[in-house]
Amino acid sequence: MKPSALIGACVAGLVGALVWGAIAHFSGYEVGYIAWGIGLIVGGGALVFGGGEGGAPTGVMCAVVAALSIIAGKYMAFSWTVSSALDEGVREVYDEHVADATALTGVDLADDDAVRHFIATRGYSEKKTARNVTDEELAHFKVETAPFLRQVNDENMTFEEWKESDYGSGVVEFVNAFAGARASFGDTFGGFDILWMLLGVGTAFKVGAGGGTRSDTA
């Protein structure tokens, strides 16, 4: 087996993994049969860079490279998909915050009843009615939340600026921690994923081994 065959297989595997991750990132879906394609281009890459010389050792090398490339591609797809979902979730909180900041401009902070109503209806308390909002919640909103909402509105705060604020960074940290507790790369592997992976690895071996007639054991 020529060293150039290994280089060709690795380059093809890297390209395949990146393509898989990119498709998942931009489409929001994982396409399992790309694993089969990765196996094909890994075997083909080894033959092209190796001058068409195949054989069992080349096939085994291609199978290993294909397996690693498929796992890497699936992991990138998983990571980018989760990252996009997290960013979307954080942006939804930002949009709600901006809407709250706009709505707060019509509220007299000296009017406790009006503030309690705002707190209850805008979700700043678990209480569903204004009369059940506690004095502690009222005080915290006036001292901590309301000034920041006014700042968001007055400065027309962008999404990036909001994420860098204490409130926004807290939301990002909470969402990441929540998602981290629920998301698991291992849980993304199903029966079809394993099937496509086996097909990809098998294809890589077959293409890589069948490219030449010369025996590597002679």
Side-chain angles (χ1 to χ4, degrees), residues 1-50 52-94 159-160 163 169 171-212 216:
M1 183 184 72
K2 294 182 178 180
S4 57
L6 176 59
I7 295 174
C10 290
V11 170
L14 176 61
V15 171
L18 290 172
V19 168
W20 190 351
I23 289 175
H25 175 64
F26 290 108
S27 70
Y29 297 96
E30 285 190 45
V31 184
Y33 57 76
I34 292 179
W36 199 351
I38 290 176
L40 179 62
I41 65 173
V42 165
L47 293 182
V48 171
F49 280 73
E53 180 179 335
T58 302
V60 172
M61 178 272 295
C62 288
V64 172
V65 172
L68 294 175
S69 299
I70 291 168
I71 292 173
K74 186 167 180 60
Y75 183 76
M76 282 190 284
F78 166 77
S79 298
W80 287 346
T81 300
V82 170
S83 177
S84 296
L86 290 178
D87 194 60
E88 182 178 343
V90 172
R91 185 172 287 277
E92 288 179 359
V93 177
Y94 164 75
F159 179 53
E160 294 302 323
K163 284 201 301 182
S169 61
V171 171
V172 173
E173 184 176 335
F174 173 80
V175 171
N176 287 337
F178 179 75
R182 298 188 61 182
S184 172
F185 177 56
D187 292 340
T188 65
F189 280 92
F192 280 108
D193 293 301
I194 296 174
L195 173 62
W196 289 121
M197 183 174 181
L198 291 175
L199 287 172
V201 171
T203 299
F205 174 82
K206 184 175 181 179
V207 174
D216 291 306

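Keep in mind that the numbers below use all heavy atoms, side chains included, and drop hydrogens, waters and symmetry copies.
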> Rounded to the nearest 0.5 Å, how far apart are CG of L14 and CD1 of I41?
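Taking CG in L14 and CD1 in I41, the distance rounds to 9.5 Å.
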> Decide yes or no for V90 and F159: does some side-chain heavy atom of the first lie under 4.5 Å from some side-chain heavy atom of the second?
yes
> Under 4.5 Å between any side-chain heavy atoms of V65 and L6, yes or no?
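The answer is yes, as the side chains (C-beta and beyond) meet within the 4.5 Å cut-off.
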> What pairs with S69 under side chain to side chain donor-acceptor pair (under 3.5 Å), at least two apart in sequence or on another chain?
none
> Here's a test for you: under side-chain contact (heavy atoms from CB on, under 4.5 Å), which of L18, I71, V19 qualifies with M76?
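Going through L18, I71, V19 one by one, the side-chain contact (heavy atoms from CB on, under 4.5 Å) with M76 is satisfied by L18 alone.
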> Testing the basics here: between A46 and T58, what is the closest heavy-atom pair and its distance to 0.1 Å?
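Distance-wise, the nearest heavy atoms are CB-CG2, 4.2 Å.
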> Search all heavy atoms of F205 against all heavy atoms of V60 and return the closest pair with its distance.
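Scanning both residues completely, I find the closest heavy atoms to be CD1-N, 3.4 Å.
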> Indicate the atoms forming the closest heavy-atom contact of M61 with A9, along with that distance.
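Scanning both residues completely, I find the closest heavy atoms to be SD-CB, 3.7 Å.
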> Measure the CG-CD1 distance between L199 and I194 for me, rounded to the nearest 0.5 Å.
12.0 Å
> Restricting to non-hydrogen atoms, name the atom on C62 and the atom on G43 that form the minimum distance, rounded to 0.1 Å.
SG-CA, 3.9 Å
> State the CD1-CG distance between I70 and L198, to the nearest 0.5 angstrom.
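Atom-to-atom, I70:CD1 and L198:CG are 9.0 Å apart.
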> Within the distance-only criterion (no hydrogens, no angle test), does the side chain of S4 pair as donor or acceptor with the backbone N or O of F49 below 3.5 angstrom?
yes
> Using a strict threshold of under 4.0 Å (side-chain N to carboxylate O), is an ion pair present between K163 and E160?
yes
